[in-house]
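Written out below as structure tokens is the structure these notes cover.
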Amino acid sequence: MKAVRQTFWKKIGDFVSNNMVPVLFVVICAFSIPLSGYSANYLLSEIIVRISRDSFLIVSLLIPIMAGMGLNFGMTLGAMAAEIGLICISDWGIVGIPGMVLAAIISTPISVLLGWWCGKILNMAKGREMVTSYIIGFFMNGIYQLVVLYCMGAIIPVRSAKLVLPRGYGIRNTVNLSGIRKSLDNLVSLKIAGISIPIATFAVIVVLCLFVVWFRKTKLGQDMRAVGQDMEVARAAGIKVEETRIISIIISTVLAGYGMIIYLQNMGTLNTYNSHTQVGMFSIAALLVGGASVAKANIRNVFLGVILFHLMFIVSPMAGKNLIGEAQLGEYFRVFVSYGVITLSLVLYEVRKKREANREGQELAADQKEDAR
Amino acid sequence: MRKIKEFINNFGLPRIIIGLFLLLLFVVAPFVGVKVSTSINDTIVRFGMNSVMVLAMVPMIHSGCGLNFGLPLGIIAGLLGATMSLEAEVHGFAGFMMAIVFATPFALILGWGYGRLLNKVKGGEMMIATYVGFSSVAFMCMMWLLLPFKNPTMVWGYSGRGLRTTISTEGYYLHVLDSFLEIKLGPIVIPTGMLLFFAVLAFGMWAFLHTKTGTAMTAVGSNPVFARASGINIDNIRTLSVIMSTWLGAVGILVYQQSFGFIQLYMGPFYMALPAVSAILIGGASVNKATIPNVIIGTLLFQGILTMTPSVMNSAVHTDMSEVVRIVVSNGMILYALTRKTEATR
Amino acid sequence: MKRKCLVVRLIAIVLVIALAVLMFLIGRQHTILVDDKTIMLADGTEIKALSTVEVRIDKQEQMELAARDRDQYVVTGQRHTITVAYTDSQWDEHTFSREFEVPIGLDMVIISIPTLVARQDAPVGEWLSEYETPKVVVKQEEEVVTSEDTGLGSSF
């Protein structure tokens, strides 16, 4: 009897240690939700909105992880390409679904170019992909500012005067996207119990998920997984390692661009110089909260992550206010938790990697001892 | 021709480009109405302000922990020292020293914990350092709201609780180093005190690197196998380097504050690692090799560009492209360093 | 084999470009001003404004214009129908519709209702023309915020 109880607790212990981050988040949410005083209805509708808005972006992170490139902080580049596409359609006055499609078409070649460049640089920094993609994001932000804040309106013609800053060139801080606002969301939407569900957007997300599942099984997908497992073994097997890695980044960047368009059509306004920077950080945090790691991530992680992360995000300010009397505290708390969860995930990943390498080394040594006997 | 190529390779093409660019700015300056003397003055002051934080990069690079993106942790220790010194109402130079005294235990403890963490994650230090830095800044944001400070110059007016976002050092230790032994060369005012302070610390670092422990540290970074074979405890040395780096970061922000005039809390320290990292890379350091001249040259070049670009470009082209230049230069430098194959073993 | 790949890729690119153009045409938003003012023609003759006239574009709201009135419609796409109901000098009511296309590339156009009524079968160019908004110079200081130091906004 006692043995059964012990293995039961051991199982629980194992489960918790393997999924520490999501479990931690569930605990935080369980604690904060009642503290915040929000109604279940409100939370449910908010979560549905966030899932429909952010999932596409997070799914774009899956492919580089599969190829062993770690967390693609370079998804910011795709977001920037999408923003340029959106600036174009706002300038030309294209609205609704056609506007979104056109923005996506415009963003694609830009995303491909940026993704290709990013992939090339990452190949030059093997072993340090994450830091490098992180810095690439910042660097491109500078280039983006150069183009959007200085060239647009001056060297690149912008027709609509209301997009341009009063000084004559450079795009304004905020671009009103009322033309495409909720175009996809409202295309097919269902109202259940007072909560409106954007069916069309979910359909798009489902299609993307199916694409990812299908992609894993294609030759290219298998190649990427092989490269992700072990680059040298893949190379010996005849796979073009460098090219495969670059392609994974390109796909991720393009998808991030489309995801950004979906995100922005829900928001309705474009924060020209800030939207893309926040998006990268949040998507990665959400994915990690869902239980993904630097080397392994699947679709379950995406959705679990979105739900948990956003629950925490929504309830923290009010919970903080009711607990301490300062909503500001709750806001800082959620910032801390977001960064903390990334830190924790990264640490756990490295520690686990080391432990496994250690174990394999010991097993190898034990085998050799056996052979020598 | 080959010698020139070798020189370029050794010195680093980006550094040469940046050096020439800076020279160009200085040459163009008088033609667009920017006073060279003011620019030189500003550059020297900014050099002094940032030099110690750049120096903080050296120990960790030497011991193989990579670029210290987690500098904000040290900065936080410094901020705690600063706020406590102000709370204790100590003024002038004594206040500055008190700040260092208060900051030191925090730096030691935080550095020790941070070092232990980095030892467990060898290979992925830089990414984790970045996020440790961010998380700690975010954590302190909560703390700054809650900690029981009472000094009226520091807390919000109405509630009397929670620290303000920026606190002035005026009346406390503003310019205590700057004005110490100030030398006036016509329009140029050299903040000798601050430069002397940096020189003392830099000399201390140089001297340390030549001691037994210091050379052990260098060995750990450049050839860990050899180091272990020589009986050096790698983990301890690495932790020591992290503690040193954190403490220098704390002192660095205090030097910065006494010149700048403000203590920046909350999200202030968030991105402060990047300028220091870029500066030392511009100075010629790599991910696992850094010298004191790297610190000096790098800070001079970097701060020079930061000072000259806005003033010159503003007057010349009537546009403020300084931010774009800053972002491109600093991040470009880091990218260049990250993509070089100077790793000995990994 | 390689040639086939290339041909397929080229066809794909052409299709995408065609799609883009289609999207551009379908999705373009225009503002149509409907104007009831007396028009002076090139040859000196005058077309008088109508005292009241009802105008509707596509299926949008019907608008009533008096003399010298102007109103506006926002439409998407190129092809539209304008329906006009007016009372002529014999106090008879007439209603008619005209289909028209907004010329590509114009943001804002203005339709002169009196001209349309007087010359119902005239080509589009006679009663529809480009409208340029007068450029108002407003001195506004807008600061560009390029870095949000909080690192996280209030929404994601």
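The sequence lines fix the lettering, A, B, ..., with proteins before strands; numbering per chain opens at 1. Quick caveat: nothing in here was measured; it's all calculated off a predicted structure.
The residue among A/V341, A/I121, A/V294, A/I342 with the most heavy atom pairs within less than 4.5 Å of chain B is A/I342. The choice from B/F69, B/Y266, B/Y131 that makes the most heavy-atom pairs within less than 4.5 Å of chain A is B/Y131. Per-residue heavy-atom pair counts under 4.5 Å with chain B were compared for A/E350, A/K126, A/M140, A/M130, and the maximum is reached by A/E350. Listed options A/V131, A/V337, A/L146 were ranked by heavy-atom pairs under 4.5 angstrom with chain B; first place goes to A/V131. Of all the listed residues (B/V121, B/V132, B/L338), the one sharing the greatest number of non-hydrogen pairs under 4.5 Å with chain A is B/L338.
Without hydrogens or angle criteria, B/S241 side chain to B/S63 main chain gives no donor-acceptor distance under 3.5 Å.
Inspection of the A/N72 and A/S252 side chains reveals an N or O donor paired with an N or O acceptor under 3.5 Å. The closest side-chain donor-acceptor pair between A/N141 and A/T277, if any, does not fall under 3.5 angstrom.
Taking the six-membered ring where the residue is Trp, the centroids of A/F336 and A/Y332 are separated by 6.0 Å or more.
Residues A/E242 and A/R235 are paired through a salt bridge, judged by an N-O separation under 4.0 Å between the basic side chain and the carboxylate.
Each of B/K122, B/K120, B/R116, B/R228 was checked for a salt bridge (charged side-chain N to carboxylate O under 4.0 Å, His left out) with B/D235, and the lone residue meeting it is B/K122.
For a residue to count as touching a neighbouring chain, one of its non-hydrogen atoms must lie under 4.5 Å from one of that chain's; by this rule A/Y144 does not touch chain B. Heavy atoms closer than 4.5 Å to chain A are found nowhere in B/L67, neither backbone nor side chain. Both the backbone and the side chain of A/F333 come within contact range of chain B, each with at least one heavy atom under 4.5 Å from a heavy atom of that chain. Heavy atoms of A/F138 lying under 4.5 Å from chain B belong to its backbone as well as its side chain. Using a 4.5 Å cut-off between heavy atoms, A/L71 makes no contact with chain B at all. Contact of B/L145 with chain A is made through the side chain alone, with heavy-atom distances under 4.5 Å.
Using a 30° and 60° split on the angle between ring planes, B/F134 and B/Y271 fall in the perpendicular class, above 60°.
For B/S135, the side-chain hydrogen bond (donor to acceptor under 3.5 Å, both in side chains) partners are A/T343, not counting sequence neighbours.
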